[in-house]
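None of these values were measured; they are calculated from a predicted model.
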Amino acid sequence: MAELADFCVFSVLVTGSNRGIGLGLVKRFLELPSPPQWVFATTRDMEAGKSKEVRELACKYSNLVVLQLDVTNLESIQAARKEVEKCVGEGGLTLLYNNAGLLDFKDLQAENAKSMMTLYSVNTIGPLLMSQALLPLLKKAARRSPCQGLSSSKAAIINMSSNLGSIELMAYWDRLPAIGYRCSKTALNMITKAQSLEYAADGIMSVAIHPGSVKTPKNPIPEITVEESTRDIMVVLSKLCEDDNGTLLDQLGRRIPW
């Protein structure tokens with residue numbers, strides 16, 4: 001795409017990228033006119049059938065590294081960080097895309113503590129732990145970048161959020177209550193805002209992105225395909241600037257109210 005001709009990042013890590021949007025994003029990065037020197041894809045189970053495609057992709061692209069990663073497990077996160085650091089060295093990590101997530105459809109009466117804690121563990125705490133662990137590498141990338149201001153080509157944390165987490169919008173409420181999921185994404189939005197205030201001084205941008213209502217086996221309100229979503233997200237990433245720091249955007253770059 002012409003819009004991506006000048007989009008260049010040294011390194012990127014996408015969590016939950018053995019399938020769906022995560023895998024789609026990995027493919028998009030690999031296909032850039034100027035692809036990253038390092039692309040890190042992650043999967044919880046390296047040997048699972050669902051990880052076959054990303055493993056095969058790594059045989060085709062020498063700049064793709066597939067890592068075992070459970071975003072709810074601190075030891076797993078630290079092990080992945082060490083592998084990333086071995087590869088990127090002093091170049092650091094340019095872009096952390098916290099994509100891994102769970103969707104649950106329970107309404108107010110059906111929601112329960114176990115379900116909500118699982119959703120928060122993956123959707124909210126996971127991105128927080130990943131950002132904490134990889135912060136030193138993001139700082140390295142920011143320091144070494146010639147880019148002025150904030151951008152995803154310098155250093156950025158992108159948190160995959162949802163318009164279901166917008167308290168003002170309450171999107172699809174009648175069709176998709178999903179109480180625990182909504183709450184976990186609202187909390188993730190707060191983390192994103194806090195990161196934008198804390199890390200901007202280090203040259204690191206923090207943005208939350210809603211990928212659109214993507215067609216998946218579990219989504220009852222499909223509107224766009226993975227291909228359409230990831231295509232649009234890449235354009236948004238290429239255009240992010242200081243004004244976008246600490247915002248929630250949709251896959252077309254439009255601001256969503258908190």
Side-chain angles (χ1 to χ4, degrees), residues 9 12-17 20-22 24-26 28-29 40-42 69-72 77 80-81 93-103 119-135 137-139 141-142 150-152 154-167 169 171 178 180-200 202-214 229-230 232-234 236-258:
V9 299
V12 56
L13 186 151
V14 184
T15 65
S17 46
I21 298 173
L25 286 169
V26 165
R28 294 287 182 186
F29 278 108
F40 300 96
T42 79
L69 174 67
D70 179 349
V71 300
T72 68
I77 291 173
R81 180 195 62 78
L93 181 67
T94 310
L95 188 58
L96 168 61
Y97 205 115
N98 286 311
N99 166 75
L102 290 178
L103 176 60
L119 286 164
Y120 268 80
S121 181
V122 177
N123 296 352
T124 311
I125 300 171
L128 174 64
L129 295 178
M130 286 296 299
S131 301
Q132 289 172 335
L134 292 167
L135 181 61
L137 298 183
L138 289 160
K139 287 182 177 180
L150 300 177
S151 75
S152 53
K154 182 176 184 177
I157 297 169
I158 307 296
N159 293 320
M160 189 71 95
S161 188
S162 170
N163 63 352
L164 297 187
S166 168
I167 296 174
L169 282 186
Y181 178 80
R182 287 177 182 271
C183 291
S184 71
K185 292 300 186 179
T186 303
L188 178 61
N189 291 343
M190 175 58 81
I191 288 174
T192 306
K193 188 66 178 181
Q195 288 173 332
S196 74
L197 298 173
E198 185 77 12
Y199 300 152
D202 295 308
I204 302 168
M205 167 183 283
S206 302
V207 175
I209 289 183
H210 162 60
S213 187
V214 179
S229 172
T230 56
D232 293 337
I233 288 173
M234 291 299 290
V236 171
L237 292 177
S238 72
K239 295 179 178 179
L240 290 178
C241 64
E242 290 210 32
D243 290 343
D244 300 310
N245 189 41
T247 63
L248 169 60
L249 305 174
D250 71 7
Q251 80 282 7
L252 297 176
R254 300 172 297 196
R255 192 167 296 193
I256 297 174
W258 296 121

Exercise for the section: Applying side-chain contact (heavy atoms from CB on, under 4.5 Å), run through Thr192 and Ser161 and close with a yes or a no. Expected result: CA-CA 9 Å; Thr192 306; Ser161 188; over 6 Å; no
Practice task
Taking all heavy atoms of Ala41 and all of Ser17, pick out the closest pair and write down the distance.
Solution key: CA-OG, 3.1 Å
Exercise for the section: With the side chain counted from C-beta on, respond yes when Pro257 and Leu169 share a heavy-atom pair under 4.5 Å apart, and no when they do not. Expected result: yes
Problem - Atom pair NZ/CG of Lys139 and Leu134 - distance to nearest 0.5 Å - result: 12.5 Å
Handout entry: Worked verdict on Lys185 versus Leu164 for side-chain contact (heavy atoms from CB on, under 4.5 Å)
Key = CA-CA 7 Å; Lys185 292 300 186 179; Leu164 297 187; 6.0 Å; no
Exercise for the section: Answer yes or no: is there a side-chain heavy-atom contact under 4.5 Å between Leu248 and Trp258? Expected result: yes
Practice task
Check whether the side chains of Thr15 and Asn99 place a donor and an acceptor atom closer than 3.5 Å, and report yes or no.
Solution key: no
Problem - Minimum-distance pair of heavy atoms, taken over all atoms of Ala142 and Ile204 - result: CB-CG1, 4.5 Å
Problem - Qualifying residues under side chain to side chain donor-acceptor pair (under 3.5 Å), relative to Ser229, sequence neighbours excluded - result: none
Problem - Whether Ser206 side chain and Gly246 backbone form a donor-acceptor pair below 3.5 Å - result: no
Practice task
For Ala200, enumerate each residue passing the side chain to side chain contact (heavy atoms under 4.5 Å, CB included) test, keeping only those at least two apart in sequence or located in another chain.
Solution key: Leu150, Asn245
Practice task
Return the set of residues passing side chain to side chain contact (heavy atoms under 4.5 Å, CB included) with Ile77 (not counting sequence neighbours), or none when no residue passes.
Solution key: Leu69, Leu129, Met130, Ala133
Practice task
Check whether any side-chain heavy atom of Ile21 lies under 4.5 Å from a side-chain heavy atom of Val214, and answer yes or no.
Solution key: yes
Exercise for the section: Would you indicate whether the side-chain heavy atoms of Pro211 and Ile233 approach each other to under 4.5 Å? Expected result: yes
Practice task
Give a yes or no on whether the backbone of Cys183 and the side-chain of Tyr120 come within a donor-acceptor separation of less than 3.5 Å.
Solution key: yes
Problem - Distance in Å, Gln195 CD paired with Leu96 CG, rounded so as to fall on 0.5 Å steps - result: 8.5 Å
Exercise for the section: For Ser121, enumerate each residue passing the side chain to side chain contact (heavy atoms under 4.5 Å, CB included) test, keeping only those at least two apart in sequence or located in another chain. Expected result: Thr72
Handout entry: Flag, side chain of Ser152 to backbone of Leu237, donor-acceptor distance under 3.5 Å
Key = yes
Exercise for the section: Flag the pair Tyr199 / Ile157 as yes when at least one side-chain heavy-atom distance between them is below 4.5 Å, and no otherwise. Expected result: yes
Practice task
Give a yes or no on whether the backbone of Asn163 and the side-chain of Ser166 come within a donor-acceptor separation of less than 3.5 Å.
Solution key: no
Practice task
Kindly give the heavy-atom pair with the smallest separation between Asn98 and Ser131, and that separation in Å.
Solution key: ND2-OG, 3.4 Å
Handout entry: Stepwise side-chain contact (heavy atoms from CB on, under 4.5 Å) check, Leu138 with Asp202
Key = CA-CA 9 Å; Leu138 289 160; Asp202 295 308; over 6 Å; no
Handout entry: 4.5 Å side-chain heavy-atom contact, Asn159 and Val207
Key = no
Handout entry: Test item: Leu240 and Met205 side chains (from C-beta on) under 4.5 Å apart, heavy atoms
Key = yes
Exercise for the section: Scan residues 238-248 for pairs that pass salt bridge (charged side-chain N to carboxylate O under 4.0 Å, His left out), counting only residues two or more places apart or in two chains. Expected result: none
Problem - Arg182 side-chain N/O to Gly165 backbone N/O, donor-acceptor pair under 3.5 Å - result: no
Handout entry: Within 6.0 angstrom of Glu198 CD, more than 12 heavy atoms from elsewhere
Key = no
Problem - Derivation of the side-chain contact (heavy atoms from CB on, under 4.5 Å) call for Asn123 and Tyr181 - result: CA-CA 8 Å; Asn123 296 352; Tyr181 178 80; 3.6 Å; yes
Handout entry: Interatomic spacing from CG in Leu135 to CG in Leu93 - rounded to 0.5 Å
Key = 10.5 Å
Handout entry: Between Arg255 and Thr247, a side-chain donor and acceptor under 3.5 Å
Key = no
Fill in the blank from the handout: Sorted by chain and number, sequence neighbours left out, side chain to side chain contact (heavy atoms under 4.5 Å, CB included) with Leu252 holds for Asp232, Asp250, Arg254
Problem - Heavy-atom side-chain proximity of Leu25 to Tyr97 below 4.5 angstrom - result: yes
